[in-house]
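Worksheet: the structure to be examined is printed underneath.
What's counted below: heavy atoms across the whole structure, side chains too, no hydrogens, waters or symmetry copies. A note on names: the letters A, B, ... follow the listed sequences, proteins ahead of strands, and every chain is numbered from 1.
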Amino acid sequence: MTDRPVRVRFAPSPTGYLHVGGARTALYNWLFARQHGGAFVLRIEDTDRTRYVPDALTDLLDGLRWLGLCWDEGPEIGGPYGPYHQSDRLELYHQAAEDLIAKGAAYRCYCGPERLAQLREQQRASKQREGYDGHCRHLTSQQIADYEAQGIRPVVRLAVPDEGETTFHDLLRGDITVDNRQLTDLVLLKSDGFPTYSLGVVVDDHHMQISHIMRGEEWISTAPALQRIYDAFGWESPIQAHLPTILDPSGEGKLSKRKKKLADGREMPTFVREFRQAGYLPEALVNFLALVGWSYDGQTEFFRRDELIDLFDLTRVSTSAGAFSYEKLDHMNAAYIRQLGTNDLAGRLLQVLRREGYPADLGFALKAVPLVRERIKTLPDVIPLVDYCFADRLQYEPELLVQKKMDAESTMVALHKAANCLRAVSPFEEASIEAALRALAEGLDLKLGQLLGAIRVACTGKSVTPPLFGTLELIGQQKVIARLERAIALLAG
RNA sequence: GCCGCAUUCGUCUAGCUGGCCUAGGACACCGCCCUCUCAAGGCGGAGAUCGGGGGUUCGAAUCCCCCAUGCGGUACCA
């Protein structure tokens, strides 16, 4: 617990797209950095060449940027502690490994995969503790020379004492202690010359002067081993906080990267890019994610970004895993959409409509906004609310036209009068349409709902739409008249 | 198997320096109001004996112990 400057990092491996769990981890780190005027470092842990996914890095960077989590040091912008790809720092790890070997804290191991597999099998069969048996810990120089002569490329392992225990401190959970017998002589440097995660993080966090580590709780079990590495180097560990796991909406198991269906049939987004595609606003996702694992007072749930920076409290982060609630996210996203300015929302809706192939223009989008704003949870929800505007010919059951306590006859009369009435409305705008139709309903001795219900179906093909007067304006006078006439024809025969 | 972490309404959670908790808020759900349908909004309702069992105490969701369950780890993956 020193008062050195706050430096935190998000250190993903480019083995897949940016996942919400990772995004939440990044967010907490980012908030903490901003709150303390510290640095948010992005480091790419690309040490597993077998799992490398080419476009994962781009996705990661795009995702973070979309969420507004810009890094102060890292890929593309560099920084004083670079390079920020572990694959560009190999020399550093080799040096570190050599240092530990020189100190007697690590050793080269020439055991191949066959022997390790065999060992594991034996141990499992005899119910012994699984783990490396220290076979290469005390090789003679002759043995080493033999192995080298055979061309075997060694790994470097940490020599963990068999006795005693190892303790590390978690900011949220307190001291966590494990018996050293649970720890094995873990590999620090792989035979391909790349470091393992354990060596990489420790060396980099130290050299990059990281002050606080926030990462998922699935890493707790590796923490004692990391502590041993810190100790071996004689370094002080950064302050650590392990963040609770994000569970499936069912609450069973981690939110998986596998595609699952939501209750309403939509595909469950789990990658940030999918939330983006599904029409969630980044500010809503950020607000929501902040609350998965943290709460301010148990009451307040809506926070602007600057409020989050101000109020986020790392020590209040929960220790128990929580399910990801898409329903709550939808609720929150809807609230954020409602807060958007008209021009802003119109622009975003226009993008979605165009993407889906509707020939909408900005004027249309601006008119649509007040009609749909309170009715959409995500941006694409706008489509079923306005798609009929672009249809050439509406498909619907003629019976839908006939409202309660009406018949085909009276409906035809009503639609006919409505057509005449609307033909005369000028300008064809919400207010004047409303005045005309209200008067007509009264004149026909119909309830407003009956009249509007029939017109609604005739002009939209649906019995549920945004408020009708504005909707008719949006459709346009010509189309409205034509659709009314077609409806009459449908009823007639 | 072994090790670790966790356990409050269906879900996210507040509470955890013990009494103000007959456990608060939010999502979802139900009802009413508003209303041209649907929403949004307002009001109200139902919903947890705080995983179970032992303690400590005048008093425990809050402190201690045991058990159960869930999750995670147990790799030359991160």
Asp179(A) CG to U74(B) C1', straight-line distance once rounded to whole Å
14 Å
Rounded interatomic separation in angstrom, taking CD1 from Ile176(A) and C1' from A6(B)
11 Å
Answer yes or no for Arg108(A) and Tyr110(A): cation-pi contact, defined as NZ/CZ to six-membered ring centre under 6.0 Å and angle to ring axis within 45°.
no
Contact class for Glu327(A) vs. all strands (heavy atom < 4.0 Å): base, sugar-phosphate, or nothing?
sugar-phosphate
Closest heavy-atom contact between Pro195(A) and Tyr93(A)?
CG-CD1, 3.4 Å
Could you tell me whether Thr222(A) contacts a base, only the sugar-phosphate backbone, or nothing, with contacts defined as non-hydrogen atoms closer than 4.0 Å?
base
Roughly how far apart, to the nearest Å, are A78(B) and G53(B) at atom P?
45 Å
Looking only at the aromatic ring of each residue, does the gap between the centers of Phe10(A) and Trp71(A) stay below 6.0 angstrom?
no
Nearest listed nucleotide, side chain of Asp48(A), among A6(B), C2(B), A78(B)
A78(B)
Using a heavy-atom cut-off of 4.0 Å across all strands, would you classify Gly174(A) as base, sugar-phosphate, or nothing?
nothing
Starting from P on A78(B), measure out to CG on Asp192(A) and report it in whole angstrom.
10 Å
Identify which nucleotide among U7(B), A78(B), U11(B) has an atom closest to any side-chain atom of Tyr197(A), counting heavy atoms from C-beta outward.
A78(B)
Sugar-phosphate only, base, or nothing, as touched by Val187(A) at under 4.0 Å among non-hydrogen atoms:
sugar-phosphate
Within the structure shown, what part of the strands sits under 4.0 Å from Pro195(A) by heavy-atom distance: base, sugar-phosphate, or nothing?
sugar-phosphate
What is the nucleic acid contact for Arg173(A), judged by heavy atoms within less than 4.0 Å: base, sugar-phosphate only, or nothing?
sugar-phosphate
Gly131(A) vs Ser13(A), nearer the 5' end of RNA chain B by closest nucleotide:
Gly131(A)
Please give the nucleotide sitting opposite G10(B) as a Watson-Crick or G-U wobble pair, both distances under 3.5 Å, or none.
C27(B)
Looking at G25(B), C5(B), G72(B), which one has an atom nearest to any side-chain atom of Glu218(A)?
G72(B)
Minimum-distance nucleotide (side-chain atoms of Trp219(A) versus A78(B), G73(B), A75(B)):
A78(B)
Can Arg215(A) and Glu45(A) be counted as an ion pair, charged N to O under 4.0 angstrom?
no
For U17(B), the nucleotide meeting Watson-Crick or G-U wobble distances (both under 3.5 Å) is none
So does Thr47(A) get a side-chain nitrogen or oxygen closer than 4.0 Å to the phosphate oxygens (OP1/OP2) of A78(B)?
yes
For Ser191(A), answer base if it contacts any base atom (sugar-phosphate contacts may also be present), sugar-phosphate if it contacts only those atoms, and nothing otherwise; contact means non-hydrogen atoms under 4.0 Å.
base
With a non-hydrogen cut-off below 4.0 angstrom, is Arg316(A) in contact with a base, only sugar-phosphate, or nothing?
sugar-phosphate
For nucleotides 34-48 of chain B, give me one character per nucleotide, 5' to 3': B if any protein heavy atom sits under 4.0 Å from the base, S if the only such contacts are to the sugar-phosphate, - if neither.
--BBBBSS-------
Main-chain N/O of Leu422(A) paired to Gln477(A) side chain as donor or acceptor, under 3.5 Å:
yes
